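Some notes on the structure that comes next.
Note that this is a predicted model, so its numbers are computed, not measured. So you know, we letter chains A, B, ... as the sequences are listed, proteins then strands, and number each from 1.
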Number of protein chains: 2
Amino acid sequence: MENGIESQCEQCIVRQFNSLRAMSKEELKKVSQSKTSKTVKKGETIFEEGETLKGVFCVRNGVSKLSKLSANGKDQTVKLAAKGMVIGQRSVIAEELSNLSATALNDMEVCFIPKEIIVSTLNTNPNFTMEVLRHMAHDLKEADDVIVNMSQKTVKQRVAAAFLYLKNNFGEDENGFLLLTLSRDDIANVVGTATESCIRIISEFKKKGLLKNYGKKMGIVNEKGLRDLAEGY
Amino acid sequence: MENGIESQCEQCIVRQFNSLRAMSKEELKKVSQSKTSKTVKKGETIFEEGETLKGVFCVRNGVSKLSKLSANGKDQTVKLAAKGMVIGQRSVIAEELSNLSATALNDMEVCFIPKEIIVSTLNTNPNFTMEVLRHMAHDLKEADDVIVNMSQKTVKQRVAAAFLYLKNNFGEDENGFLLLTLSRDDIANVVGTATESCIRIISEFKKKGLLKNYGKKMGIVNEKGLRDLAEGY
DNA sequence: ATTCTAATATGATATAAGTCATATTATAAG
DNA sequence: CTTATAATATGACTTATATCATATTAGAAT
């Protein structure tokens with residue numbers, strides 16, 4: 001849709017971090033031709049649980065949560081997708097309805113890539129297929145870890161782990177504040193707890209000198225302390 | 001190792017249920033030649049968390065739990081692998097240490113398939129690769145569901161769901177008893193709860209006419225009741 | 001049978017964490 | 001600037017579930 005220099009996937013830096021890097025020049029050209037860029041405002045959804053996806057989305061900017069509504073009406077965030085990640089792959093590959101919703105946690109720029117291109121590349125380029133498979137294997141391992149954390153760690157440990165995760169995956173600025181700013185409610189949905197519990201624990205962590213904040217921005221003060229807390233008791 | 005008629009993978013029925021069905025006749029012949037069958041007694045481990053797997057295991061008989069030790073020393077079962085399932089694939093594909101341990105929940109027969117054959121087939125047979133990818137995509141979806149259940153459902157709901165899962169995946173005999181008999185402790189590890197809590201809830205379910213037992217064998221009496229319980233309140 | 005050990009059962013208690021209520025503070029909208 | 005609305009904070013209370021203790025029962029070993 002857009003036609004700036006960034007619209008050529010061949011030159012897109014973001015691609016280096018996902019399975020698209022295993023595509024050939026010609027395949028990338030096709031992707032470039034058929035892809036559409038779009039902006040998604042904070043809070044808007046990219047796709048919904050139960051939808052049939054017509055393609056995958058490559059995150060160029062911003063962060064999306066992948067979440068699922070539970071029977072009791074609460075939203076559980078299963079994964080956060082940052083710049084460079086491709087979302088919707090699983091449903092396209094399995095040819096199933098999406099099991100997750102994708103919602104922008106801040107303003108985003110995403111590229112939509114029609115599933116036909118993904119499927120045909122999977123059928124013709126074994127390197128690409130293997131790369132996708134490796135990514136999926138990695139995602140599966142991470143999901144296993146989340147299962148164990150959910151069932152075996154206390155809410156306090158999970159909140160501590162969540163902040164370490166945010167630092168490791170999204171980084172911090174020169175003053176030690178996390179680049180990804182989430183509301184308490186968003187964090188609660190990642191951790192799988194009530195918003196009030198999340199707020200209480202964050203307050204406690206601030207009092208204990210583990211976390212700091214400057215307005216909405218949160219920062220880690222004592223990383224080792226957080227890690228100790230997240231691991232054992 | 002063994003040489004009965006069953007040792008020819010080409011004829012093995014079990015194969016129909018896993019990704020090996022996408023292999024060609026010649027590939028299966030190679031698998032037949034290099035595979036080894038072995039029996040694993042109840043309680044023995046097939047592989048341990050942190051091990052480098054030299055291949056994958058195809059379950060011919062019995063059931064294995066795939067579990068991970070949490071920091072507090074408790075064992076969390078992430079998945080149960082029944083007849084026909086291939087375990088260890090994820091680690092072989094990602095070329096990583098295994099993130100899970102596999103332990104026999106009853107006496108098992110498994111075939112070991114060296115990773116070289118798996119890797120070379122992945123590199124040469126796109127059908128096989130796609131089949132493995134589809135399986136992995138399915139596993140990932142299931143893992144997402146487990147994450148949501150773990151964080152959003154009560155222990156009671158999860159116990160109810162576990163019995164429904166056992167019925168759906170392992171079946172029941174003519175008298176309505178589950179074919180897979182697990183100890184309370186095993187069930188507790190699947191559900192992610194304390195053994196005592198698990199025992200208590202099962203007792204309650206028996207009193208309420210949801211479950212029955214005959215010695216160690218457990219059976220579902222009121223499936224709808226269990227389902228209602230597992231879903232909402 | 002008899003003994004030993006593991007599995008199941010149940011009570012008592014402590015505690016983590018959810019829920020409901022109500023402030024207080026930010027941020028957006030007019 | 002003022003008002004409205006959303007986000008954060010904290011208190012009070014309830015409940016689910018873990019933990020510790022102790023029976024009871026079943027299964028294995030001798």
(message) Between A:G215 and A:E196, which residue's closest nucleotide on DNA chain C lies nearer the 5′ terminus?
(response) A:E196

(message) If I take atom CZ in residue B:R184 and atom P in nucleotide C:dA7, what distance separates them, rounded to the nearest angstrom?
(response) 12 Å

(message) Output the rounded distance in Å from NZ (B:K206) to P (D:dT25).
(response) 13 Å

(request) Find the distance B:D185:CG to C:dA7:C1' and express it as a whole number of Å. (result) 9 Å

(request) Specify the separation, in whole Å, of atom NZ of B:K217 and atom P of D:dG27. (result) 13 Å

(message) With a 4.0 Å cut-off on N to O distance, would you call A:D145 and A:K141 a salt bridge?
(response) no

(message) Reading DNA chain C from 5' onward, which residue's closest nucleotide shows up sooner: A:S197 or B:S183?
(response) B:S183

(request) Check the distance between C:dT8's P and B:I202's CD1 and give it to me in whole angstrom. (result) 8 Å

(request) Would you mind telling me which of D:dT10, C:dG18, C:dA9 lies closest to the side-chain atoms of A:K74? (result) C:dG18

(request) For A:I199 and D:dT8, give me the distance from atom CD1 to atom P, rounded to whole Å. (result) 6 Å

(message) Base of C:dG18, side chain of A:R200 - is there a donor-acceptor contact under 3.5 Å?
(response) no

(message) Is the phosphate of C:dA17 approached by A:T193 (side-chain N or O, under 4.0 Å from OP1 or OP2)?
(response) no

(message) Using 30° and 60° as the class boundaries, would you call the ring planes of A:F177 and A:Y214 parallel, tilted or perpendicular?
(response) tilted

(message) Using OP1 and OP2 only, check whether a side-chain N or O of A:T154 sits under 4.0 Å from C:dA16.
(response) no

(request) Output yes when at least one side-chain N/O atom of A:K153 is less than 4.0 Å from OP1 or OP2 of C:dA17, else no. (result) no

(request) Return the value, rounded to whole Å, for the distance between atom CZ of A:R158 and atom P of C:dG18. (result) 8 Å

(message) Please compare A:S203 and A:K216 by the position of their nearest nucleotide in DNA chain D and report the one closer to 5'.
(response) A:K216

(request) For a side-chain hydrogen bond (donor to acceptor under 3.5 Å, both in side chains) with B:E204, tell me which candidate from B:K207, B:K206, B:R200, B:K208 qualifies. (result) B:K208

(request) Round to the nearest Å and state the distance from B:D186 atom CG to C:dA7 atom P. (result) 9 Å

(request) List the atom of B:M150, the atom of B:Q76, and the distance in Å for their closest heavy-atom pair. (result) CE-NE2, 3.4 Å

(request) Just grab all the salt bridge (Lys or Arg N to Asp or Glu O under 4.0 Å) pairs involving residues 172-194 of chain A, residues at least two apart or on different chains. (result) A:K167-A:E172

